[in-house]
Each structure stands twice: as structure tokens, then as C-alpha cells.
Amino acid sequence: QCEEAAYEERRYPAGKWACVTKGEPMYEQSISMSFMKLMRYICKENSVGCFLGMTVPVLNEIHLTKEGTELEREVVTAYYLPGEFQQNPPVPTDPEIHITERAPLRVITRVFYGMTTEETILREISLFWELLGSTDTVLRETYIVAVYENPSIPQRRNEIWFICRA
């Protein structure tokens, strides 16, 4: 009997990402504003003045408060630079965009569909913890929401990533 896996483990290589950090009152505001900045960078507002090409997923790194009941305001939204720009990333014209080298990453990931709001993310984190049970192999304060499709798609595919300890 073939059933969809509840979650899977993945490894991602080191690489360069364009990142924006926002701390708006609502999670949705932060990711929307950050993504618009990244889109302008991808489309032309960069030192080479050309379209860089879209990569997926776009990552939103989030942190839970000490109580674990809500998200910290600051969200880091990250776009992976296409292969041809990894060695020499175009410089963003927007000073809020930073090019960052991210270390290799090992995650345990689970798919969910629909809008990503603080409420849905907290629910997904809670459900994932129920599935995993008690474990010290992943971080408890930092998570990643991976988005694979345009935010306007009502049932878009997302993933919650639990980051494995080194």
C-alpha cells in the first residue's frame, strides 16, 4: 500500500542567496514586502541590469518566541541565486538586500498547502512535532517555510523545514 510519506530528510549544498530581513507587525506583510524587493532585484535592479531568472523554493526563515506560541517579528526571506551567478553575484541596487553564503543544510521537511500565515505556520510546526515525537536532532527555535509557487495561487505548495543539528 503506497501512502505519501509524512515527511522526508533532505540535504542542500552551500550557496549564495539574496536575503531581505523584515519585521512588520504581521508575517504576511514581512514576506510580501521582502519578496517584492527580491523580485525587483531578480528582474533588473542589479549591477548587471538584467533578469537573473527565478529559482524555487523561496525560503522564509522564522524564529519562535521563547514560549513557542508565536513568531518573532523578524523574518529573513531568501532567494537562491541561479548557478551562473553563484561565483560572482550581481550587486543589488537596494541596500536592504544582502548576498549571503549559506552553509550546507540538512532538514526534515513536510508539505502543506494553502496560504502561509502566522496561524497556519504555527499549526504546521505543532503538527510536525506531533509526528516526529520527542527528539533533539532538530532545532526548536528556528524554522524555514519553503514556498514553491506564486503567492496568488490559493492552494500553493509549501513546506515546513525543521533544521537538523550539525
Side-chain angles (χ1 to χ4, degrees), residues 1-39 41-42 54-82 97-166:
Q1 196 171 0
C2 289
E3 288 184 37
E4 191 176 332
Y7 56 87
E8 66 178 291
E9 185 174 318
R10 285 197 216 124
R11 292 174 188 274
Y12 290 93
K16 292 193 175 81
W17 295 74
C19 302
V20 177
T21 303
K22 285 280 180 200
E24 298 303 315
M26 290 175 62
Y27 171 82
E28 300 90 318
Q29 292 170 309
S30 292
I31 62 168
S32 176
M33 292 170 78
S34 294
F35 186 72
M36 291 316 296
K37 285 179 169 291
L38 290 171
M39 278 310 297
Y41 169 69
I42 293 164
M54 193 62 208
T55 61
V56 290
V58 170
L59 304 183
N60 295 296
E61 185 178 302
I62 56 171
H63 303 275
L64 292 189
T65 56
K66 283 203 182 351
E67 306 76 48
T69 54
E70 54 187 42
L71 303 182
E72 293 279 358
R73 289 300 110 214
E74 279 204 343
V75 179
V76 178
T77 300
Y79 152 78
Y80 184 78
L81 287 152
I97 299 173
H98 302 280
I99 305 301
T100 308
E101 172 89 34
R102 296 191 117 183
L105 191 61
R106 190 166 59 96
V107 297
I108 299 175
T109 174
R110 182 169 187 265
V111 173
F112 70 100
Y113 296 91
M115 299 302 295
T116 54
T117 63
E118 180 167 353
E119 186 184 348
T120 59
I121 291 164
L122 289 169
R123 184 174 63 240
E124 290 301 324
I125 289 171
S126 175
L127 287 168
F128 204 172
W129 275 115
E130 280 180 39
L131 266 172
L132 279 181
S134 181
T135 178
D136 288 334
T137 60
V138 295
L139 302 180
R140 285 197 170 266
E141 52 286 329
T142 303
Y143 300 90
I144 293 174
V145 178
V147 179
Y148 288 85
E149 295 168 312
N150 184 315
S152 65
I153 295 171
Q155 282 302 307
R156 73 174 180 196
R157 176 175 179 247
N158 310 289
E159 292 174 344
I160 190 76
W161 289 6
F162 282 23
I163 302 163
C164 297
R165 292 183 192 281

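Other residues, nucleotides and ligands contribute at most 12 non-hydrogen atoms within 6.0 Å of the CZ atom of R11. Within a 6.0 Å radius of CD in E119, no more than 12 heavy atoms belonging to other residues, nucleotides or ligands are found.
Under a 3.5 Å cut-off, the side chain of S30 and the backbone N or O of E24 do form a donor-acceptor pair. When atom types are taken as modelled, the side chain of N158 and the backbone of M115 share no donor-acceptor pair closer than 3.5 angstrom. Formation of a donor-acceptor pair under 3.5 Å by the T65 side chain with backbone atoms of E70 is found in this model. Of the possible donor and acceptor atoms, none in the side chain of E28 sits under 3.5 Å from a partner among the backbone N and O of T117. Under the 3.5 Å distance criterion, the side-chain polar atoms of T109 are left unmatched by any main-chain donor or acceptor of E159. For the pair T21 (side chain) and E74 (backbone), a donor-acceptor distance under 3.5 Å is absent.
Contact annotation: the side chain of F35 never approaches that of V147 to less than 4.5 Å [non-hydrogen atoms, C-beta and beyond]. With a 4.5 Å cut-off on side-chain heavy atoms, T100 and V76 do not count as touching. With contacts defined as side-chain heavy-atom distances shorter than 4.5 Å, the pair R123/T120 qualifies.
Note that NE2 of H63 and OG1 of T142 are 4.5 Å apart. Values are rounded to the nearest 0.5 Å. Separating the CE atom in M39 from the CE atom in M54 is a distance of 6.0 Å, to the nearest 0.5 Å. Atom OG1 of residue T69 and atom CG of residue L64 lie 8.5 Å apart, to the nearest 0.5 angstrom. From R165, atom CZ reaches atom CZ of R106 across 11.5 Å, with rounding to the nearest 0.5 Å. Taking CE of M36 as the reference point, atom CD1 of I31 lies at 12.5 Å (rounded to 0.5 Å). Distance check, rounded to the nearest 0.5 Å: CZ of R102 to SG of C19 gives 5.0 Å.
Between F128 and Y7, the two ring planes are tilted [angle within 30° to 60°]. Ring planes of F162 and W129: tilted class, angle from 30 to 60°.
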List the steps and the verdict of side-chain contact (heavy atoms from CB on, under 4.5 Å) for L81 and I99. CA-CA 9 Å; L81 287 152; I99 305 301; 4.1 Å; yes
Just do the side-chain contact (heavy atoms from CB on, under 4.5 Å) check on N150 and R156 with the steps written out, would you? CA-CA 7 Å; N150 184 315; R156 73 174 180 196; over 6 Å; no
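For the ring-ring contact (aromatic ring centres under 6.0 Å, His included) with W161, the qualifying choice from Y12, F112, Y143 is Y12, the only one to do so.
Nearest approach of I121 to I160, heavy atoms of both residues: CG2-CD1, 4.3 Å. For the pair A18 and Y41, the tightest heavy-atom approach, listed with the atom from each and the gap, is CB-CE2, 3.7 Å. Of all non-hydrogen atoms in Y80 and G15, the two that sit nearest each other are CE1-CA, 4.0 Å.
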Let me have the donor-acceptor pairs involving side chains of residues 130-139, under 3.5 Å, with sequence neighbours excluded, atom names and distances please.
{"unit_1": "T135", "atom_1": "OG1", "unit_2": "T137", "atom_2": "N", "d": "3.1"}
{"unit_1": "T135", "atom_1": "OG1", "unit_2": "T137", "atom_2": "OG1", "d": "2.8"}

